[in-house]
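Everything below concerns the one structure shown next.
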Amino acid sequence: MSCFRLSIVFMACAVALAINLAALAQEDNQPPKGFTALFNGRDFDDWTGGATRDPREIAALSTEERAQWDAKMQSGIDEHWRVEDGVLVSDGHEPYLATKQEYGDFEMWVDWSIDAGGDSGIYLRGAPQVQIWDPTNEEGHKNGSDKGSGALWNNQKHERFPSEVADKPIGEWNRMFIRMVGPYVTVVLNDKKIVDNVIMENYYDRAIPIFARGPIYLQTHGAETRFRNVFVREIPPGEADKSLSSIRGGEIGFEPVFNGKDLEGWAGATKNYEVVDGSLRCKAGSGGNLLTEQEYDNFIVRLEFKLPPGGNNGLAIRAPANVSAAAYDSMELQVLDDPHTMYADIDPYQAHGSLYGMAPARRGYLRPTGEWNYQEVVVDRDQLEVHLNGYEILNVNLDEVRQNPIDGKEHPGAFRASGHFGFCGHNDPVEFRNLRIKRLNR
């Protein structure tokens, strides 16, 4: 066996060992290293009530309506949940238990046991769900219960069911591991990986990706269900970014276009940008277009960026060397702190990730201002995609939008088949780092 294959086998065994060790470490509601217990073994202090309801609808409630909703949820917990010998027990009726805290990228452990005919699940970021049910329940086979627990059951476009049945017999405890990075979900049930980085769709609004943050629910209905050893670990951005790179094909073929030291390989407004601690930053009060010396036609670019409050910049796509107005002479993808109040009234095509003047991106997937964001842009002939922190916020066919841009203006740059990549400064100290490009051979 080659050294390469041996190293792959070793890595796979190391990952499996790490999961097994973590599983063995969690008993009596004592979390593994790096994890936090969501249940203290005694009461519901860390929980509130939840139901299958769009989180945006709950957030829009008035103060009085929210108080009524919370009171209803709490009375439901008192009626339908109990703690028994360090175990959370539901009689199978709403409400569900919901964490008081919201989570973005995370991984969790949970032990569960379900009665015959039961139907339950784990809601991720307030959305249904990683399925838990009785595989032997013939009445539920029409819905796929024979496929086993772990399904992303509400998916329509992406895979719904687990790769195999990994459930233990009814009445026995099951141990489930869930990892969620961006929209991608992995499920390990009883030491078997049954869901491998599958996109979880937004049940409440299928036109947009799943929400970037939200609570975790323990959902039950139809039969008594028990939970214990519920632990969570928030995944920091840098770790999440590495996972997203791997999920999206790894780094093979990508070449760095910024050396972290100087502007070698760049042209244009070089005096208006500076290198600070390995990142490329537009000088405050300066701007202009900074372009790669090389040209690109079809490519993938990956980068990280950090916005100051109200920060504004852009990505120039297929730009000519003498580009003046990047949104028209080439194509410009917005880099913008669009949650800032100063941008409350911008047009949709001005939001972050939008193809300026031509196609609006989906909003709500930027990390908090001042944190590094991870973005991937795919430019493949007439197809353009933007993935922000793992979420697809733009997927547009250029041939469809350049003939009829939504701002009503001419965009001759949208017809260009190749050009330079770069940044479009707008006087704000927006930073970029870890820039790399992969050419697509077409």
Side-chain angles (χ1 to χ4, degrees), residues 54-63 66 100-106 124-127 180-183 202 204-205 207-215 234-238 240-241 244 279 281-282 284-285 287 302-315 326-327 332-377 385-396 406-407 423-434:
D54 192 329
R56 297 171 299 182
E57 183 180 312
I58 298 174
L61 295 175
S62 67
T63 302
R66 183 56 188 264
K100 293 180 178 178
Q101 182 175 334
E102 294 190 342
Y103 296 92
D105 298 325
F106 68 92
L124 307 183
R125 303 193 194 132
M180 189 174 198
V181 180
N202 191 330
Y204 300 107
D205 188 348
I208 65 173
I210 195 166
F211 307 118
R213 297 189 64 82
E234 295 187 82
I235 299 174
D241 298 346
L244 291 170
S279 67
R281 183 170 70 187
C282 183
R302 290 176 177 170
L303 54 84
E304 297 169 38
F305 66 91
K306 182 165 64 174
L307 289 159
N312 186 5
N313 203 289
L315 304 183
E332 181 180 356
L333 293 171
Q334 282 284 77
V335 177
L336 187 72
D337 182 26
D338 61 40
H340 197 282
T341 53
M342 66 187 292
Y343 300 123
D345 297 323
I346 60 173
D347 289 315
Y349 63 77
Q350 295 175 299
H352 176 84
S354 297
L355 182 58
Y356 189 92
M358 301 179 69
R362 302 176 181 97
R363 301 176 70 168
Y365 298 95
L366 283 165
R367 291 171 181 161
T369 304
E371 290 188 10
W372 287 98
N373 292 268
Y374 175 75
Q375 185 157 299
E376 175 181 302
V377 178
E385 302 173 13
V386 178
H387 299 260
L388 174 63
N389 299 319
Y391 305 92
E392 184 183 88
I393 62 171
L394 182 68
N395 190 327
V396 63
I406 58 177
D407 67 355
F423 304 108
C424 314
H426 296 287
N427 305 314
D428 299 319
V430 179
E431 296 182 65
F432 302 91
R433 70 181 185 188
N434 293 332

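Treat the numbers as computed from the prediction; the structure is a model and nothing was measured. As a basis for the values below, the full set of heavy atoms in this structure was taken, side chains included, without hydrogen atoms, waters or symmetry mates. One is the number of the first residue; the rest follow in order along the sequence.
At a threshold of 4.0 Å, the pair Asp337-Lys306 does not count as salt-bridged, since none of the basic side-chain nitrogens sits closer than that to a carboxylate oxygen.
Distance alone, capped at 3.5 Å, places no donor-acceptor pair between the Asn312 side chain and the Leu336 backbone. Here the side chain of Arg66 pairs no donor or acceptor atom with the backbone of Ala59 at under 3.5 angstrom. At distances below 3.5 Å, not a single donor-acceptor pair connects side-chain atoms of Arg125 with backbone N or O atoms of Ile210. Put simply, the side chain of Asn389 gets close to the backbone of Tyr365: a donor and an acceptor are under 3.5 Å apart.
Contact annotation: the side chain of Tyr356 never approaches that of Leu333 to less than 4.5 Å [non-hydrogen atoms, C-beta and beyond]. Within the 4.5 Å cutoff, the side chain of Val386 has no heavy atoms near those of the Leu315 side chain. For the pair Asp407/Asp347, no side-chain contact is recorded, criterion being any heavy-atom separation below 4.5 Å from C-beta on.
Pairing each heavy atom of His352 with each of Ile393, the nearest pair is O-CD1, 3.9 Å. Residue Pro55 comes nearest to Gly126 through the heavy atom pair CG-O, 4.4 Å, listed as atom of the first residue, atom of the second, then distance. Taking all atoms of both residues into account, the shortest heavy-atom contact from Tyr349 to Gly357 is CD1-N, 3.1 Å. For the pair Thr369 and Leu307, the tightest heavy-atom approach, listed with the atom from each and the gap, is CG2-O, 3.3 Å. Residue Ala127 comes nearest to Tyr204 through the heavy atom pair CA-CE1, 3.9 Å, listed as atom of the first residue, atom of the second, then distance. Summarising the geometry of Arg362 relative to Pro209, their closest heavy-atom pair is CD-CD, 3.3 Å, with the distance given to 0.1 Å.
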(request) Quick one: do Leu244 and Tyr391 satisfy side chain to side chain contact (heavy atoms under 4.5 Å, CB included)? Show the steps, please. (result) CA-CA 10 Å; Leu244 291 170; Tyr391 305 92; over 6 Å; no

(message) side chain to side chain contact (heavy atoms under 4.5 Å, CB included) for Asn313 and Phe432? Distances and angles first, verdict last.
(response) CA-CA 10 Å; Asn313 203 289; Phe432 302 91; 3.9 Å; yes

(request) Evaluate the side chain to side chain contact (heavy atoms under 4.5 Å, CB included) criterion for residues Phe106 and Leu124: first the C-alpha distance (whole Å), next the side-chain angles of each, then the deciding distance (0.1 Å), finally the verdict. (result) CA-CA 10 Å; Phe106 68 92; Leu124 307 183; 3.9 Å; yes

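The CD atom of Glu102 sits 11.0 Å away from atom CD of Glu234, with the distance rounded to the nearest 0.5 Å. In this structure, CZ in Arg213 is found 11.0 Å from CZ in Arg367, a value given to the nearest 0.5 Å. Distance CZ/Arg363 to CD1/Ile208: 12.5 Å, rounded to 0.5 Å.
In summary, of the residues considered (Glu431, Gln375, Arg433), a side chain to side chain contact (heavy atoms under 4.5 Å, CB included) with Phe305 occurs for Gln375 alone.
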